[in-house]
Amino acid sequence: MTALTVATFNINGIRSRLPALLAWLERERPDIVCLQELKCPDEAFPQAAIEAAGYGALWHGQKSWNGVAILARGMTPLESRRGLPGDADDSHSRYLEAAAHGLIVGCLYLPNGNPQPGPKFDYKLAWFERLIAHAQGLLDSGHPVVLAGDYNVVPTDELDIYSPRSWKKDALLQPESRAAWQRLLAQGWTDALRHLHPDARIYTFWDYFRQRWERDAGLRIDHLLLSPALAPRLREAGVDRWVRGEPKASDHAPTWMRLGA
DNA sequence: ATGTCCTGGATACCAGGA
């Protein structure tokens, strides 16, 4: 086994953000990348540019919204699942799973759920239940698994958000969202960033509104979870904040962890 | 309520989503 960097990045439109993605890949050279919010139909995915950067890719896109991809440096990931089980009528492209560099990687874009209450929030919670059910199966397999992506959940009011005041009614902070997150973790998953930095304020998303980047008014909603088989390899984790400060940046920054050999 | 930025459809802006 070799050391690996695994990252997740909500890119908010892969076509308009392709130069930013390529610059980040070149500078940080992650081994595995989970991307969300491609906002791009399958036929328009920029495969050639990503391959030229040294990455094989799988993608599950759709027109206008959602869309997830898994990149692996020097290889093409081997797809194991496209879409979460449990609802044949769910047309959103929000889950993709593959084997790469000796890991099973689940890349997810959990529904935002706003406004709440309402049908979008119900969809979020139902999607979360399907994720929890599927995650249990992954744990039962005993394989080394990473579940990475935009969970659209701020785990706590204290270290995961600059101030909860103006977000109290937001779907990202609701008790139901947080309870689902806690039930997922209670299966045995390790929240990589929080595990290594138990007392640090960590943000991965800064809203475009109201100069929230300039004020460092962020939220931690992009998460990397490790299965018990993999947790002993966790060495480092962080957020590539420099990406958020570039011109025309996504509202999220890449979030990563380093696994030892 | 406000603010910004993406996509797509039909225009020289708007709607929908986040």
Side-chain angles (χ1 to χ4, degrees), chain A residues 8-24 34-47 49-50 59-69 89-96 107-128 131 148-155 160-174 176-178 180-181 203-223 239 241-255:
Chain A
T8 182
F9 184 20
N10 180 322
I11 195 162
N12 189 14
I14 195 169
R15 285 172 290 180
S16 66
R17 224 79 71 186
L18 185 60
L21 174 63
L22 297 174
W24 171 65
C34 295
L35 297 175
Q36 303 85 34
E37 282 207 85
L38 303 179
K39 295 185 174 178
C40 159
D42 278 338
E43 61 272 20
F45 185 84
Q47 178 183 17
I50 286 170
W59 60 95
H60 180 28
Q62 76 182 76
K63 194 170 74 173
S64 297
W65 299 308
N66 309 316
V68 287
D89 295 330
D90 185 358
S91 60
H92 295 202
S93 297
R94 295 183 177 274
Y95 188 82
L96 187 61
C107 172
L108 63 106
Y109 176 46
L110 207 133
N112 173 292
N114 282 305
Q116 100 39 62
K120 290 185 178 177
F121 192 59
D122 296 341
Y123 174 63
K124 174 180 195 155
L125 297 179
W127 203 95
F128 223 141
L131 177 64
D150 179 355
Y151 282 75
N152 271 313
V153 175
V154 175
D160 301 313
I161 186 168
Y162 64 102
S163 162
R165 190 171 55 90
S166 63
W167 294 83
K168 277 293 182 193
K169 292 181 180 172
D170 195 281
L172 280 57
L173 278 70
Q174 292 313 298
E176 297 94 330
S177 307
R178 287 172 164 173
W181 166 254
Y203 308 140
T204 67
F205 163 86
W206 298 259
D207 204 302
Y208 289 125
F209 297 166
R210 306 188 70 153
Q211 300 193 296
R212 289 208 164 107
W213 167 248
E214 290 78 0
R215 298 162 41 215
D216 195 22
L219 286 65
R220 188 172 78 98
I221 57 176
D222 300 277
H223 306 301
V239 179
R241 291 173 58 110
W242 68 267
V243 176
R244 183 63 179 82
E246 295 286 289
K248 291 199 59 172
S250 168
D251 40 6
H252 297 248
T255 304

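All heavy atoms count here, side chains included; hydrogens, waters and symmetry mates do not. In what follows, chains carry the letters A, B, and so on, assigned in the order in which the sequence lines appear, proteins first and then strands, with residues in each chain numbered from 1.
Atom CH2 of A:Trp206 is separated from atom P of B:dC5 by 16 Å (rounded to the nearest Å). A:Arg212 places its CZ atom 15 Å from the P atom of B:dT2, with the value rounded to the nearest Å. Distance A:Arg244 CZ to B:dT4 P: 13 Å, rounded to the nearest Å. Rounded to whole Å, the distance from CG on A:Asn114 to C1' on B:dA1 is 15 Å. One interatomic measurement links the two molecules: CD of A:Glu37 to C1' of B:dC5, which rounds to 11 Å at whole-angstrom precision. Summarising the geometry, the separation between CG on A:Leu172 and P on B:dG17 is reported as 16 Å, rounded to the nearest angstrom. Regarding A:Trp127, its CH2 atom lies at a distance of 13 Å from the P atom of B:dA18, rounded to whole Å. Summarising the geometry, the separation between CD on A:Gln36 and P on B:dA18 is reported as 14 Å, rounded to the nearest angstrom.
Atom name C1', nucleotides B:dG3 and B:dG9: the rounded distance is 25 Å, in whole Å. B:dT11 and B:dC6: their P atoms are spaced 23 Å apart (whole Å). Nucleotides B:dG16 and B:dA10, compared at atom P, are 14 Å apart to the nearest Å. Across B:dC13 and B:dA1, the matching P atoms stand 27 Å from one another, rounded to whole Å.
Among the nucleotides B:dA18, B:dC6, B:dG3, the one closest to the side chain of A:Arg210 is B:dG3. Looking at the side chain of A:Lys39, the nearest of the listed nucleotides B:dG16, B:dT7, B:dG8 is B:dT7. Closest to the A:Trp65 side chain, of the nucleotides B:dA18, B:dG8, B:dG16, is B:dG16. Of all nucleotides listed (B:dC6, B:dA18, B:dG8), B:dC6 comes nearest to the side chain of A:Lys248. Among B:dG8, B:dC5, B:dG3, the nucleotide with an atom closest to any side-chain atom of A:Phe209 is B:dG3.
A:Tyr162 and A:Arg212 share a donor-acceptor pair across their side chains, judged by distance under 3.5 Å alone. Side chains of A:Thr204 and A:Asp222: a donor on one and an acceptor on the other come within 3.5 Å. For the residue pair A:Lys39 and A:Asn12, a side-chain donor N or O sits within less than 3.5 Å of a side-chain acceptor on the partner.
More than 12 non-hydrogen atoms from other residues, nucleotides or ligands lie less than 6.0 angstrom from CD of A:Glu246.
Judged by closest nucleotide on DNA chain B, A:Asn12 is the one of A:His92 and A:Asn12 placed further toward the 5' end.
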**Asked** When you look at A:Arg244 and A:Asp251, which way does the side chain to side chain contact (heavy atoms under 4.5 Å, CB included) test go after all the steps?
**Response** CA-CA 7 Å; A:Arg244 183 63 179 82; A:Asp251 40 6; 4.3 Å; yes

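In terms of phosphate contacts, A:Arg15 brings a side-chain nitrogen or oxygen within less than 4.0 Å of OP1 or OP2 of B:dG8. The phosphate of B:dG8 has neither OP1 nor OP2 within less than 4.0 Å of any side-chain N or O from A:Lys63. OP1 or OP2 of B:dT7 sits under 4.0 Å from a side-chain N or O of A:Ser16.
Note on ring orientation: taking the six-membered ring where Trp is involved, the planes of A:Tyr151 and A:His223 are tilted (angle from 30° to 60°).
Taking CG of A:Leu35 as the reference point, atom CD of A:Glu37 lies at 11.5 Å (rounded to 0.5 Å). A:Leu22 CG to A:Ile50 CD1: the interatomic distance, rounded to the nearest 0.5 Å, is 7.0 Å. Note that CG of A:Leu110 and CZ of A:Arg94 are 7.5 Å apart. Values are rounded to the nearest 0.5 Å.
A:Leu219 pairs with exactly one of A:Ile161, A:Asp160, A:Asn152 by the side-chain contact (heavy atoms from CB on, under 4.5 Å) rule, that one being A:Ile161.
Contacts of A:Asp216 classified as salt bridge (Lys or Arg N to Asp or Glu O under 4.0 Å), with partners at least two apart in sequence or in another chain: A:Arg241.
Among the atoms of the strands shown, none is found under 4.0 Å from any heavy atom of A:Phe205. A:Arg17 comes within 4.0 angstrom of sugar-phosphate atoms only, judged by non-hydrogen atoms across all strands, and of no base.
Heavy-atom distances under 4.0 Å link DNA chain B to no residue of residues 161-170 of chain A.
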Which pairs, protein N/O on one side and nucleotides 12-14 of chain B N/O on the other, fall under 3.5 Å?
none

